[in-house]
Amino acid sequence: MTDDGPLIRDVSDTARWMAAYRAQETERSDAVFRDPFARALAGERGQRIAEAIAKVGDYSWPLVARTYLFDRFVTRLVKAGVDLVVNLAAGLDTRPYRMELPPSLRWVEVDLPDILDYKESVLGDAKPVCAFERVRLDLTNEDARRGLFDRLGRTSQNAVILSEGLLIYLMPQAVGELAVDLARPASFRHWIVDVANPTLIEMMKQQAGGATQMAGAPFLFAPAEGPPFFAPYGWTPAEVRTMLKAAGKLGRLPMMMRAFALLPESDVPRGNMPWSAVCLLARSN
C-alpha cells in the first residue's frame, strides 16, 4: 500500500512495472535491447512499483531475459516469412516502433481500451515501422476474440502469436480454451509464450503476489509439466529457452545465481527447482 492506495491498482499497472525494467535496461551502456519509449510509458508509478518490488525480490533479470528472447524469436520468424504478428494483451509493448521490421509486415496488438488509450497518449506522433493495427478488445470475451482470430486468419498466410506476460494471470482451463481458439485459423502457425513452474510461482506469490492479487491479477498459471501442457490443445513445443540460461549469457544474473546458469538447459521443469522459459510453439495439425 502507498499513501494514495494500492501500489498496483489494476492489471494495467503491471504493464507500467514491466516498462520500468525495459527503461532500466535501455539506459545501460551494454543494453541488449533499446526501448526509447519505455521510460515515458512507465511513468512515475511504474518506477515506484519497480523500486518497491526490488525490496522483496529481483525481477529485473528475468524480465530483461524474457524481452530479449521474445525479440529474438520474432526477428527469426519474420526473416523466415511471417507476414502477421498478433500481440495479445500487448500492454505497453513497443516492438513495432523499436525493432527493425520490414514495412510489409502487419502487426496487430490487442488489449483493453484503457491501456491502449494511455499508450497512444504517451507515444504521440511516433510512427510504427510496419503496417500496424490496434484492437481494443477484452480477450476474456470468447465470441469477440474468435471473431478477431477468424478475421486475422483469413488475411494472413503465416502468422505468429505473442502472449508475453499474459498466461500467468489465467486459470489453466482458460489457457487451454485460448489455445484451442488460436489453433483454429490455419495461418496461425506459431505462438510464443512464457511459462513458469509451480515452485517459481509460489516464490513470486510470496514476494509480489500480494500486490498483484489486490489489483485483481493473481498469479495462476504454472503447469507442472511445462510447455507440454499445450500439446493436447493443438500446439507442440518447438523450442524452449529458459530465462536463467538467457540471463546468464547476457550477463544479467546476480552473482549468487551464476553457477546455476552453468547447468544444462532444460525444456521442462525438473524437481522442485524454480523454472521459467520462453517457448516457441508450433501448431500440430
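Model, not experiment: these values are computed from the prediction.
You'll find the side chain of Trp107 stays beyond 4.5 Å of the side chain of Leu84, heavy atoms only. Side-chain contact between Val160 and Val86 is absent, with no heavy atoms from C-beta onward closer than 4.5 Å. Here the side chains of Leu170 and Leu167 are in contact, with some heavy-atom distance below 4.5 Å. Side chains of Phe230 and Val193 form a contact here, defined as non-hydrogen atoms less than 4.5 Å apart. Contact check for Tyr233 versus Glu177: no side-chain heavy atoms found under the 4.5 Å cut-off. For the pair Met273/Phe260, a side-chain contact is recorded, criterion being any heavy-atom separation below 4.5 Å from C-beta on. Within the 4.5 Å cutoff, the side chain of Leu88 has no heavy atoms near those of the Asp111 side chain. Side-chain atoms of Cys279 and Pro237, non-hydrogen and from C-beta on, do get closer than 4.5 Å to each other.
Placement of Ile115 and Leu123 within a single hydrophobic cluster is found when ILVMFWY residues are connected by side-chain heavy-atom separations under 4.5 Å, directly or transitively. Leu92 is not connected to Ile168 by any chain of hydrophobic side-chain contacts under 4.5 Å among Ile, Leu, Val, Met, Phe, Trp and Tyr, and they are in different clusters. Both Leu178 and Phe229 are assigned to one and the same hydrophobic cluster, defined by single-linkage of ILVMFWY side chains at heavy-atom distances under 4.5 Å.
In terms of heavy-atom proximity, Ala238 sits nearest to Ala282 at CB-CB, 4.2 Å. The two atoms that bring Thr140 and Arg145 nearest to each other are CA-NH1, 4.5 Å, heavy atoms only. Pairing each heavy atom of Phe132 with each of Pro96, the nearest pair is CE1-CG, 3.6 Å. Annotation for Ala186 and Arg189: closest pair O-CG, 4.1 Å, computed over non-hydrogen atoms.
Using a cut-off of 4.0 Å between Lys/Arg side-chain N and Asp/Glu carboxylate O, Asp71 and Arg98 are scored as salt-bridged. Here Arg151 pairs with Glu133 in a salt bridge; the nearest charged N to carboxylate O distance falls below 4.0 Å. Note on Glu100 versus Arg95: no salt bridge recorded, every NZ/NE/NH1/NH2 to OD/OE distance being 4.0 Å or above. Between Glu265 and Lys245 there is no salt bridge, since no side-chain N of the basic residue sits under 4.0 Å from a carboxylate O of the acidic one. Ion pairing of Arg34 with Glu25 is absent here, as no side-chain N (NZ or NE/NH1/NH2) approaches a carboxylate O to less than 4.0 Å. Ion pairing of Arg136 with Asp117 is present here, as a side-chain N (NZ or NE/NH1/NH2) and a carboxylate O approach within less than 4.0 Å. Checked for salt-bridge contact, Arg252 and Asp30 meet the test: a charged N lies under 4.0 Å from a carboxylate O.
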inquiry  = Between Arg22 and Arg39, does the side chain to side chain contact (heavy atoms under 4.5 Å, CB included) criterion hold? Intermediate values first, please.
reply    = CA-CA 8 Å; Arg22 295 201 307 275; Arg39 181 59 66 190; over 6 Å; no
task = Give the C-alpha distance, both sets of side-chain angles, the deciding distance and a yes or no for side chain to side chain contact (heavy atoms under 4.5 Å, CB included) between Phe188 and Arg283.
result = CA-CA 8 Å; Phe188 286 10; Arg283 63 180 299 119; 4.2 Å; yes
inquiry  = Using the rule given for side-chain hydrogen bond (donor to acceptor under 3.5 Å, both in side chains), can you reason through Ser163 versus Trp191, listing the C-alpha separation, both sets of side-chain angles and the distance that settles it, and then say yes or no?
reply    = CA-CA 8 Å; Ser163 58; Trp191 183 13; 3.0 Å; yes
task = Verify side chain to side chain contact (heavy atoms under 4.5 Å, CB included) between Val135 and Val108, making sure each step is shown before the conclusion.
result = CA-CA 7 Å; Val135 176; Val108 177; 3.8 Å; yes
query = Under the side-chain hydrogen bond (donor to acceptor under 3.5 Å, both in side chains) criterion, do Glu202 and Gln206 qualify, and how do the steps go?
reply = CA-CA 6 Å; Glu202 286 305 313; Gln206 292 174 20; 5.1 Å; no
request  = Applying side chain to side chain contact (heavy atoms under 4.5 Å, CB included), run through Leu244 and Leu253 and close with a yes or a no.
outcome  = CA-CA 8 Å; Leu244 178 70; Leu253 278 181; 3.8 Å; yes
Chi angles and distances behind the salt bridge (charged side-chain N to carboxylate O under 4.0 Å, His left out) call for Arg106, Asp83 = CA-CA 6 Å; Arg106 293 173 58 219; Asp83 60 13; 5.9 Å; no
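Between the side chains of Thr94 and Asp35, at least one donor N or O sits under 3.5 Å from an acceptor N or O.
Hydrophobic clustering, defined by side-chain heavy atoms of Ile, Leu, Val, Met, Phe, Trp and Tyr closer than 4.5 Å, groups Met171 together with Leu220.
Cation-pi geometry between Arg16 and Tyr118 is met: the NZ or CZ atom falls under 6.0 Å from the ring centre, inside 45° of the normal.
With a 6.0 Å radius and a threshold of 12 heavy atoms from other residues, nucleotides or ligands, Glu51 has its CD atom above the threshold. Counted within 6.0 Å of CZ on Arg72, heavy atoms from surrounding residues, nucleotides or ligands total 12 or fewer; the atom is thus considered open.
The salt bridge (charged side-chain N to carboxylate O under 4.0 Å, His left out) search around Arg76 returns Glu239, not counting sequence neighbours.
Judged by distance alone, the side chain of Thr242 and the main-chain N or O of Ser276 form no donor-acceptor pair under 3.5 Å.
With rounding to the nearest 0.5 Å, the separation of CD in Glu142 from CG in Asp181 is 6.5 Å.
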